[in-house]
> 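There's a structure below that I have some questions on.
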Amino acid sequence: MAEDNLLNEIAAIVGRARRPVAMTGAGISAESGIPTFRGKDGFWKDEDVTRLATLEGFLADPHKVWEWYDWRRSQIRQTRPNPGHFAIAEHERLVVGRGGSFTTITQNIDGLHAMAGSHSVVELHGNIWYSRCLKACTTELTHLPSTPLPEYPPPCPRCGDILRPHVVWFGESLDPLVIEESLRLAGEADVMLVVGTSSQVYPAAGLPYVTKRAGGMVIEINLEPTELTYSADFSLHGRSGEILPDLLSRAREFAE
Ligand code: APR
């Protein structure tokens, strides 16, 4: 009963929001079969971050890093969006259809939000299906949709030098335009749904506080408490693939 009343209270807030934002992390893709990073079976438990997810590591052994990213690509290729992704895409359609705005700001590089039908998606950490010239002979991205790749590292189709994955590695800064856009969206959001992130990696982890400072509501959905839980207006603990469809279908009842 208490859970039901709480869900309806939160659903009313989400349903009435005109500029809601969803900020997602690896946890939303966990139910699609993609491991998280810091969970008990997370990537970083067994893999050497410095060798696989830094520019230095890439320059030291681009073959090995591409081999690992292409393995991750082949894993992701076998996955599909889950009900959590679809619920967010559906809520975007509802809000935009009623003259509001809805954007998903994601830390994920798997492309599953777009595959679920989300149109307005800001990819903070890049996208594993794209690459760019290491020598920056052009700012254009090279789309690498198929896996496995014929060779590691793949050559730049323009200058013949090597391509690097279009992802943000540790020690690298995010694209300033992407940061600017996500800060603007967070500052204008009347509600931010923070889904499946440990809220430890900045600048993403700072976005909910931008929303709070601007007077918006922060609603966390996570399997367990995180760094953000104490500051969130509401924190729902459970699987996002179960909570989001329920919460957002209730929110539909309150949508104006
Ligand atoms: N539903 C909801 N939350 C979940 C689920 C689920 N089914 N499964 C796991 N979680 C939660 C975990 O409790 C954890 O808090 O998702 C969170 C995943 O946290 P991380 O593994 O730290 O992933 P994330 O926060 O996205 O990492 C941020 O760090 O490694 C870098 O660039 C990488 O984008 C990544 C960034």
Side-chain angles (χ1 to χ4, degrees), residues 3-32 34 79-124 127 178 181-197 199 204 207-212 214-223 228 232-256:
E3 181 70 10
D4 216 43
N5 291 345
L6 175 64
L7 274 173
N8 283 333
E9 182 186 349
I10 299 172
I13 294 165
V14 175
R16 295 189 181 113
R18 305 293 292 170
R19 298 176 307 287
V21 162
M23 209 278 282
T24 67
I28 196 170
S29 294
E31 291 158 71
S32 294
I34 301 175
T79 69
R80 288 289 169 271
N82 65 61
H85 297 104
F86 289 117
I88 285 180
E90 194 176 340
H91 198 68
E92 178 186 340
R93 286 190 290 277
L94 174 82
V95 174
V96 171
R98 291 169 186 255
S101 69
F102 183 104
T103 296
T104 300
I105 301 173
T106 188
Q107 298 169 82
N108 301 343
I109 61 175
D110 55 33
L112 291 185
H113 281 299
M115 195 188 276
S118 288
H119 292 291
S120 178
V121 180
V122 174
E123 294 176 314
L124 291 172
N127 184 305
V178 168
E181 174 69 354
S182 52
L183 285 171
R184 180 185 67 76
L185 291 162
E188 293 173 1
D190 41 10
V191 165
M192 179 180 282
L193 295 168
V194 182
V195 185
T197 179
S199 293
L207 295 174
Y209 301 96
V210 173
T211 297
K212 275 198 73 76
M217 300 280 276
V218 171
I219 296 160
E220 180 185 49
I221 296 170
N222 195 300
L223 272 184
L228 176 69
D233 296 282
F234 297 96
S235 197
L236 296 170
H237 294 147
R239 296 153 63 91
S240 54
E242 291 163 10
I243 293 176
L244 281 169
D246 182 6
L247 178 67
L248 296 179
S249 65
R250 290 172 192 242
R252 178 178 285 274
E253 309 307 314
F254 298 93
E256 289 144 357

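Basis for what follows: all heavy atoms, side chains included, without hydrogens, waters or symmetry-related copies.
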> Do you know which two heavy atoms are closest between Asn127 and Gly111, and how far apart they sit?
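Here Asn127 and Gly111 meet closest at ND2-CA, 4.1 Å.
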> Measuring only between side-chain heavy atoms, which start at C-beta, is Leu236 closer than 4.5 Å to Leu6?
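Yes - at least one pair of side-chain heavy atoms lies under 4.5 Å apart.
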> Would you check if Leu94 and Phe102 make a side-chain contact, meaning some heavy-atom pair closer than 4.5 Å?
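Sidechains of Phe102 and Leu94: no contact.
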> Under 3.5 Å, is there a donor-acceptor pair between the side chain of Asn222 and the main chain of His237?
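Side chain of Asn222 to backbone of His237: no pair is present.
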> Is a side-chain donor or acceptor of Ser101 paired with a backbone partner of Arg19 at a separation under 3.5 angstrom?
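Answer holds: no.
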> Measuring from Ile219:CD1 to Met192:CE, what's the distance to the nearest 0.5 Å?
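If we round to the nearest 0.5 Å, Ile219:CD1 and Met192:CE are 11.0 Å apart.
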> Any side-chain heavy-atom pair from Leu223 and Arg239 closer than 4.5 angstrom?
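Sidechains of Arg239 and Leu223: in contact.
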> Let me confirm one number: the CG-OG1 distance from Leu112 to Thr24, rounded to the nearest 0.5 Å.
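Output value for this atom pair is 10.0 Å.
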> What's the separation between atom CD in Gln107 and atom CD in Glu123, rounded to the nearest 0.5 Å?
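Taking CD in Gln107 and CD in Glu123, the distance rounds to 12.5 Å.
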> Looking only at non-hydrogen atoms, find the nearest pair between Ser182 and Leu207 and report the distance.
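Scanning both residues completely, I find the closest heavy atoms to be O-CD2, 3.9 Å.
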> Taking the side chain as every heavy atom from C-beta outward, state whether Asp190 and Pro20 have any pair of such atoms under 4.5 Å apart.
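In contact.
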> Which heavy atom of Met115 sits nearest to which heavy atom of Pro81, and what is that distance?
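Taking Met115 first and Pro81 second, the nearest heavy atoms are SD-CD, 3.5 Å.
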> On a heavy-atom basis, which atom in Gly216 and which in Asp233 lie closest, and how many Å separate them?
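Distance-wise, the nearest heavy atoms are O-OD2, 4.1 Å.
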> Please round to the nearest 0.5 Å and tell me the distance separating atom CD1 of Ile105 and atom NE2 of His113.
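It comes to 11.0 Å.
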> OG1 of Thr79 to CD1 of Ile34: how many Å apart, nearest 0.5 Å?
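It is 4.0 Å, given to the nearest 0.5 Å.
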> If you define the side chain from C-beta out and look only at heavy atoms, does anything of Asn8 sit under 4.5 Å from Arg250?
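Heavy-atom side-chain distance check passes, below 4.5 Å.
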> When the side chains of residues 83-93 are checked against the rest of the protein, which donor-acceptor pairs come out under 3.5 Å, sequence neighbours left out?
| residue | atom | partner | partner atom | Å |
| --- | --- | --- | --- | --- |
| His85 | ND1 | Asn82 | N | 3.0 |
| His85 | ND1 | Asn82 | ND2 | 3.4 |
| His85 | NE2 | Ser29 | OG | 3.3 |
| Glu90 | OE2 | Arg252 | NH2 | 3.1 |
| Glu92 | OE1 | His119 | N | 3.0 |
| Glu92 | OE2 | His119 | N | 3.2 |
| Glu92 | OE2 | Ser120 | N | 3.1 |

> Are the charged groups of Arg184 and Glu181 less than 4.0 angstrom apart, N to O?
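Result for this pair is yes, salt bridge flagged.
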> Can you name the nearest heavy-atom pair linking Thr211 to Ala189, along with the distance?
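Answer, listing the atom of Thr211 first, then Ala189: CG2-O, 3.7 Å.
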> Between Thr104 and Val122, does the side-chain contact (heavy atoms from CB on, under 4.5 Å) criterion hold? Intermediate values first, please.
CA-CA 6 Å; Thr104 300; Val122 174; over 6 Å; no
> Which value, rounded to the nearest 0.5 Å, describes the distance between Phe234 atom CZ and Leu7 atom CG?
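Result: 10.5 Å between the selected atoms.
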> Before you tell me yes or no, could you show the steps for Val218 and Tyr209 under side-chain contact (heavy atoms from CB on, under 4.5 Å), namely the whole-Å CA-CA distance, both residues' side-chain angles and the distance that decides it to 0.1 Å?
CA-CA 8 Å; Val218 171; Tyr209 301 96; over 6 Å; no
> Are any non-hydrogen side-chain atoms of Leu124 and Thr106 less than 4.5 angstrom apart?
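They are not in side-chain contact.
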> Can you see which heavy atom on Ala17 is nearest to which on Val191, and at what distance?
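In this case the closest contact between Ala17 and Val191 is CB-CG2, 3.8 Å.
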> Using side-chain heavy atoms (C-beta onward) and a distance below 4.5 Å, is Leu193 in contact with Leu247?
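Yes; the side chains approach each other to less than 4.5 Å.
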> Answer yes or no: is there a side-chain heavy-atom contact under 4.5 Å between Arg98 and Arg18?
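Heavy-atom side-chain distance check passes, below 4.5 Å.
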